[in-house]
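Notes for the one structure printed next.
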Number of protein chains: 2
Amino acid sequence: MATILIVEDEADIRELVRFHLEREGYAVLEAADGPEGLEKAQTHLPQCVILDVMLPGMDGFEVCRRLASGETTAQIPVLLLTARGEEVDRVVGLSLGADDYVVKPFSVRELMLRVKAILRRTEQSRRAPTLNRNGIILDGVAHCVSVNGEMINLTATEFRLLEDLMRHPGAVRTREQLLNTVWGYSFEGYARTVDTHVRRLRQKLGDKADMVETVRGVGYRLHA
Amino acid sequence: MATILIVEDEADIRELVRFHLEREGYAVLEAADGPEGLEKAQTHLPQCVILDVMLPGMDGFEVCRRLASGETTAQIPVLLLTARGEEVDRVVGLSLGADDYVVKPFSVRELMLRVKAILRRTEQSRRAPTLNRNGIILDGVAHCVSVNGEMINLTATEFRLLEDLMRHPGAVRTREQLLNTVWGYSFEGYARTVDTHVRRLRQKLGDKADMVETVRGVGYRLHA
DNA sequence: TGGCACGGTTACAATTCCGTGACAAGCGAT
DNA sequence: ATCGCTTGTCACGGAATTGTAACCGTGCCA
């Protein structure tokens with residue numbers, strides 16, 4: 001499941017949060033100061049960072065800024081822990097790119113909900129190695145596809161075609177777009193080739209065949 | 001820029017928030033109760049909804065639930081306004097799919113920052129050129145159109161025609177202009193062809209048919 | 001009031017578009 | 001070499017789409 005990094009100098013708070021996060025099934029990394037937090041963020045690329053603003057040495061804002069400017073770490077959502085009533089701090093934090101904050105002393109339950117909310121928001125945009133839409137599951141690593149739990153056997157071309165459609169659920173893909181991504185830019189052939197492969201794909205999809213919709217005069221689309 | 005809907009029964013709070021939102025450059029819609037808020041959300045698809053929990057009649061949680069279960073409105077982020085200290089409410093709200101909350105009485109500055117944070121988070125996924133005028137929603141990526149929340153089925157030509165009109169709301173488009181952009185410069189045909197397609201389009205638009213206005217002697221125009 | 005220009009409406013034939021089946025070339029394994 | 005599988009192309013046919021023409025309704029102007 002998701003990995004979460006907590007950067008906090010007070011050990012008892014780290015333990016408290018770790019305990020609850022692990023009970024929810026998350027993997028937890030700890031760091032006691034800013035530099036350690038930055039380094040663990042860069043090496044482990046957690047799905048979320050819980051970051052105390054008051055840190056010895058480098059403060060949380062500086063960590064936040066450096067995370068946002070790093071190429072690999074810019075996408076990691078940050079949840080700030082601030083002291084009560086420091087509205088100025090919150091303002092600075094949010095404008096620095098933090099995704100959310102919680103005021104200390106905080107309700108653990110609320111913190112968990114906020115972490116979940118952040119992960120829920122980001123997991124949609126993150127590219128999943130296995131795609132799953134309405135009973136069609138495509139595993140890019142194992143290179144296999146199941147429909148309603150039953151494995152089906154796709155050829156390489158059919159697999160890439162389905163993959164492209166599933167990566168753009170609800171979006172129309174023109175024959176040219178499909179030829180470019182599935183067959184490659186060097187392919188110089190008949191656009192109707194796509195049709196034939198769509199037909200073969202639909203055949204193998206069985207009762208989920210109508211998930212692949214025809215948009216007449218435009219192209220094909222995976223039902224959203 | 002972005003459109004924001006505020007659902008709040010107290011008119012002075014609506015005005016206060018509207019004033020600051022408009023100063024930031026946002027377009028603002030107002031609704032005084034839950035049903036009105038739902039309806040405006042469905043027809044205008046704002047980029048964000050600011051929703052008071054305490055509403056006469058249908059409360060904010062119910063509005064939130066219905067927004068989340070609607071196909072077109074599920075993606076709209078919701079920012080809840082709750083009364084001080086009602087942690088139970090916050091928890092319920094966040095688990096219902098609200099993206100954030102602010103406790104009343106709130107700092108306007110903080111509210112603005114939270115709205116900006118929400119918009120920043122969602123604008124990445126909102127890159128899609130979806131046009132929206134008065135209940136007619138045209139999604140260029142999915143290549144589909146909905147009127148009052150109901151999907152309608154347009155042919156490719158009808159779609160391009162509506163797209164051109166919606167890209168120029170309130171502006172008259174002559175038949176020649178339409179022929180050039182919708183049919184392409186190479187088209188050499190009868191200008192009255194446009195009329196036939198306008199008619200077919202109006203038929204499918206149902207009670208929104210009069211959004212496509214005739215400007216006698218000039219061309220057609222989408223009602224502003 | 002009548003004529004006229006313009007757009008709405010209807011009908012229809014031509015065309016386009018897509019699903020389907022068939023087929024041959026390519027390719028790897030046996 | 002032979003077989004089986006994959007893949008690209010093609011032709012046919014049905015269905016949806018589209019352009020055109022003819023006819024009708026309405027507003028405008030003298």
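Throughout, a chain's letter reflects where its sequence line sits, starting with A, and its residues are numbered from 1.
- Out of dG7(C), dT18(D), dG19(C), the shortest distance to the side chain of R192(B) is found at dG7(C).
- Here dT6(D) presents its C1' atom at 14 Å from CZ of R199(A), a figure rounded to the nearest Å.
- A sub-4.0 Å separation between OP1 or OP2 of dG19(D) and a side-chain N or O of W183(B) is present.
- Rounded to an integer number of Å, the gap from L201(A) CG to dT6(D) C1' is 15 Å.
- Separating the CZ atom of F159(B) from the P atom of dT17(D) is a distance of 14 Å, rounded to the nearest angstrom.
- Put simply, CG on L161(B) is 14 Å from C1' on dG19(D), counting in whole angstrom units.
- Looking at the side chain of D195(B), the nearest of the listed nucleotides dG7(C), dT16(C), dA22(C) is dG7(C).
- We find that E163(A) and R160(A) are not joined by a salt bridge, their nearest charged nitrogen and carboxylate oxygen being 4.0 Å or further apart.
- Between dG8(D) and T196(A), no contact under 4.0 Å exists linking OP1 or OP2 to a side-chain N or O.
- Distance, Q203(A) CD to dT7(D) C1': 15 Å, rounded to whole Å.
- Each of K204(A), R199(A), R200(A) was evaluated against E158(A); a single residue qualifies, K204(A), per the salt bridge (charged side-chain N to carboxylate O under 4.0 Å, His left out) test.
- A salt bridge is defined here as a Lys NZ or Arg NE, NH1 or NH2 lying under 4.0 Å from an Asp or Glu carboxylate O, and D195(A) with R175(A) meets this definition.
- With distances taken from any side-chain atom of F187(A) to the nucleotides dT17(D), dG7(C), dG8(D), the minimum falls on dG8(D).
- Checked against dA21(D), dG19(C), dC17(C), the side chain of R216(A) finds its nearest nucleotide in dC17(C).
- By the 4.5 Å heavy-atom criterion applied to side chains, W183(B) and T157(B) are counted as neighbours.
- An OP1 or OP2 oxygen of dG8(D) is reached within less than 4.0 angstrom by a side-chain nitrogen or oxygen of H197(A).
- A close approach under 4.0 Å does not occur between any side-chain nitrogen or oxygen of R200(A) and OP1 or OP2 of dT6(D).
- Distances shown here put a side-chain N or O of T157(B) below 4.0 Å from the OP1 or OP2 atom of dT18(D).
- Regarding K204(A), its NZ atom lies at a distance of 16 Å from the P atom of dT20(C), rounded to whole Å.
- Closest to the R175(B) side chain, of the nucleotides dG7(C), dT10(C), dG19(D), is dG7(C).
- Of the N and O atoms on the side chains of R133(B) and T43(B), not one donor lies less than 3.5 Å from an acceptor on the other residue.
- For the pair Y220(B) and dG8(C), the criterion of a side-chain N or O lying under 4.0 Å from OP1 or OP2 is met.
- One interatomic measurement links the two molecules: OH of Y190(A) to C1' of dA25(C), which rounds to 18 Å at whole-angstrom precision.
- One can place CG of L205(A) at 14 Å from P of dG19(C), the figure rounded to the nearest angstrom.
- Listed pair T214(A) / dC18(C) fails the phosphate criterion, with no side-chain N or O lying under 4.0 Å from OP1 or OP2.
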